[in-house]
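Numbered from 1 within each chain, the chains take letters A, B, ... in sequence-line order. Source: prediction; values computed, not measured.
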2 protein chains.
Amino acid sequence: MNDRRRILVCDDEPQILRALKVILRDAGFETVPATTAEEALDLAAVRPPDAAILDLVLPDGDGVEVCHEIRRWSRMPIIVLSAMGDEDAKVRALEAGADDYVTKPFGARELVARLQAALRRVQGADEEPTITADGLEIDLAARQVRRDGTDVHLTPIEFRLLETLARNRGRLMTHRVLLTEVWGPEYVDDITILRGHIANLRRKIEPVEGPRYVRTDPGVGYRFTA
Amino acid sequence: MNDRRRILVCDDEPQILRALKVILRDAGFETVPATTAEEALDLAAVRPPDAAILDLVLPDGDGVEVCHEIRRWSRMPIIVLSAMGDEDAKVRALEAGADDYVTKPFGARELVARLQAALRRVQGADEEPTITADGLEIDLAARQVRRDGTDVHLTPIEFRLLETLARNRGRLMTHRVLLTEVWGPEYVDDITILRGHIANLRRKIEPVEGPRYVRTDPGVGYRFTA
DNA sequence: CCGCATCTTGACGCGTCCTTGATGCCGAGC
DNA sequence: GCTCGGCATCAAGGACGCGTCAAGATGCGG
């Protein structure tokens, strides 16, 4: 019996595919290789892997599309590989539902670390009634937040902001995604308002010594870390 | 002999159908696949399954219609799959008799958990005779309320309001939920009337120094706290 | 037909929350 | 070392929701 995690890896360059295979095997993962977008989607549907690593540029399509397709039916962790400087495609992949990105050339340790972090996230993501991250309790059904046992009062917008971040804990949420999710599509570009409420939220739930739960990814967005 | 539960699954996209099949098989269910609304209704009629999972968008109709049709003759658990952001269709499906909804993309474990919860719910529903919260007694069967031992007279609407709040004690009940629950779906937006009766209810059961049982959540709704 | 209890509706004052722009800080690139 | 862009913070205004009250509508029983 083999209980190793299966990782779908899609990249059109054979040497990168081989390198990824070695890196993942050493980290205790099983690799399911694919070289085209179509092959990746087929493999994912026939027997869903535990996570996927997708190159953004593929012969028969875009890694963003693959990401989008998979997200129609699965929440499996997806990490995209982007060439350096390809900021735009990176952000589009994140908005299509990717969990994180790694820019090529990547270090083996960084990739594995991000993969494991993403896998850890999915463990308790089963739409639990209450999310707990050391010292912070978020009761989604009751719409109640406690820090170190004492209740914290959040305004409606602050709660929805924290809720969407916590529901996607570990995942990098772009500014645009957060804005459309909390305020609606017409606020897509209003980053100022997002910043303001992030500040208020932090003042209420973060310890004084610095941000612990809500991390900033400069130029891209925010993420909730446990 | 096969005693596995049979689940009718209706989705027009082959990839999603395949993924659902795998997920359900791993959870110990047998899948009855269908790709159109008509096919789903036929299969359900020929040999009723134990539950149904329906996509909201189908080639020859709406998942809401299928839901409505099935409900004409069966109380089997129905779970609908809705695309993210399609709040309206989701609500209509629930009003047509669906038990629960899962938004795509869904986690495998979440879907299975909700399916099992729905199956369990069909077994038996429980009733609570009387709810007590320090100094306040609510006898649901006798429709009687006492505060500190003395009877309090509530009008019919006031009682139903308190009843729904108390049955979901601790949980925040939105304006919309309270209005549909107490007054009916056509009062969904009439917040004024809700405010008025909340005020009257408070005058009768709350101590003079301020609200203790019925707390207000600005912009969202009310909740009953013990 | 009348009176009472209840429900509904609108207006008003008040408090909270949202929004916006200005300001200062920090890191990256030159 | 300097400039520039992105980020956090703060304060002020304006908008919105809430609770309250009173008057009118409705329904029921006497």
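- The CD1 atom of B/Ile138 lies 12.5 Å from the CZ atom of B/Arg147; values are rounded to the nearest 0.5 Å.
- Within the 3.5 Å criterion, the main-chain N or O of A/Arg92 finds no donor-acceptor partner in the side chain of A/Glu95.
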For nucleotides 25-30 of chain D, which of its nitrogen or oxygen atoms have a protein nitrogen or oxygen under 3.5 Å away, and what is each distance?
none

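- Taking atom CG of A/Asp217 as the reference point, atom C1' of C/dG27 lies 15 Å away to the nearest angstrom.
- The 5' end of DNA chain C is approached more closely, in terms of each residue's nearest nucleotide, by B/Pro156 than by the other of B/Pro156 and A/Lys204.
- Taken residue by residue, residues 193-200 of chain B places heavy atoms nearer than 4.0 Å to DNA chain C at B/Ile193, B/His197.
- Within residues 177-192 of chain B, the residues having any heavy atom under 4.0 Å from DNA chain C are, by residue number, B/Trp183, B/Tyr187, B/Asp190, B/Thr192.
- When rounded to the nearest whole Å, the span between CZ of A/Arg215 and C1' of D/dC7 equals 16 Å.
- Comment: B/Arg114 engages B/Asp100 in a salt bridge, judged by a side-chain N to carboxylate O separation of less than 4.0 angstrom.
- At least one side-chain nitrogen or oxygen of B/His175 sits closer than 4.0 Å to the OP1 or OP2 atom of D/dC18.
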- Would you sort out whether A/Arg71 and A/Asp99 count as a salt bridge (Lys or Arg N to Asp or Glu O under 4.0 Å), showing the intermediate values? CA-CA 11 Å; A/Arg71 271 292 171 270; A/Asp99 290 74; 2.9 Å; yes
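- Remark: A/Asp217 engages A/Tyr101, A/Leu172, A/Val220, A/Arg223 in a side chain to side chain contact (heavy atoms under 4.5 Å, CB included) (not counting sequence neighbours).
- Remark: P of D/dC21 and CZ of B/Arg202 are 13 Å apart, rounded to the nearest angstrom.
- You'll find the side chain of B/Glu137 stays beyond 4.5 Å of the side chain of B/Val145, heavy atoms only.
- Judged by distance alone, the side chains of A/Thr31 and A/Arg4 never bring a donor and an acceptor atom under 3.5 Å apart.
- A salt bridge does not link B/Arg171 with A/Asp139: none of the charged nitrogens is closer than 4.0 Å to a carboxylate oxygen.
- Ion pairing of B/Glu181 with B/Arg160 is absent here, as no side-chain N (NZ or NE/NH1/NH2) approaches a carboxylate O to less than 4.0 Å.
- Side-chain atoms of B/Thr216 and B/Arg202, non-hydrogen and from C-beta on, do get closer than 4.5 Å to each other.
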Pick out the pairs of N or O atoms, protein on one side and nucleotides 28-30 of chain C on the other, that lie under 3.5 Å.
none

- Show your working on side chain to side chain contact (heavy atoms under 4.5 Å, CB included) between B/Gln116 and B/Arg120 and close with a plain yes or no. CA-CA 6 Å; B/Gln116 287 171 336; B/Arg120 227 176 297 125; 3.9 Å; yes
- Message: Applying side chain to side chain contact (heavy atoms under 4.5 Å, CB included) to A/Leu136 and A/Val152, what does each step give before you reach the verdict?
- Response: CA-CA 10 Å; A/Leu136 191 71; A/Val152 177; 5.9 Å; no
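- For the pair B/Tyr222 and D/dG19, the criterion of a side-chain N or O lying under 4.0 Å from OP1 or OP2 is met.
- Under the 4.5 Å side-chain criterion, counting only non-hydrogen atoms from C-beta, A/Val188 is not in contact with A/Trp183.
- B/Ile78 pairs with exactly one of B/Ile53, B/Val66, B/Leu54 by the side-chain contact (heavy atoms from CB on, under 4.5 Å) rule, that one being B/Leu54.
- Contact annotation: A/Arg203 side-chain N/O to D/dC10 OP1/OP2 distance is under 4.0 Å.
- End-to-end axis angle for the helix from C/dT19-D/dA12 to C/dC30-D/dG1, using five pairs per end and rounding to 10°, comes out at 0°.
- Contact annotation: B/His153 side-chain N/O to C/dT6 OP1/OP2 distance is under 4.0 Å.
- Side-chain N/O atoms of A/Thr216 include one lying less than 4.0 angstrom from OP1 or OP2 on D/dA8.
- Here CG of A/Leu41 is found 6.0 Å from CD of A/Glu69. Values are rounded to the nearest 0.5 Å.
- One finds no salt bridge joining A/Arg5 and A/Glu30 here, because no Lys/Arg side-chain nitrogen approaches an Asp/Glu carboxylate oxygen to under 4.0 Å.
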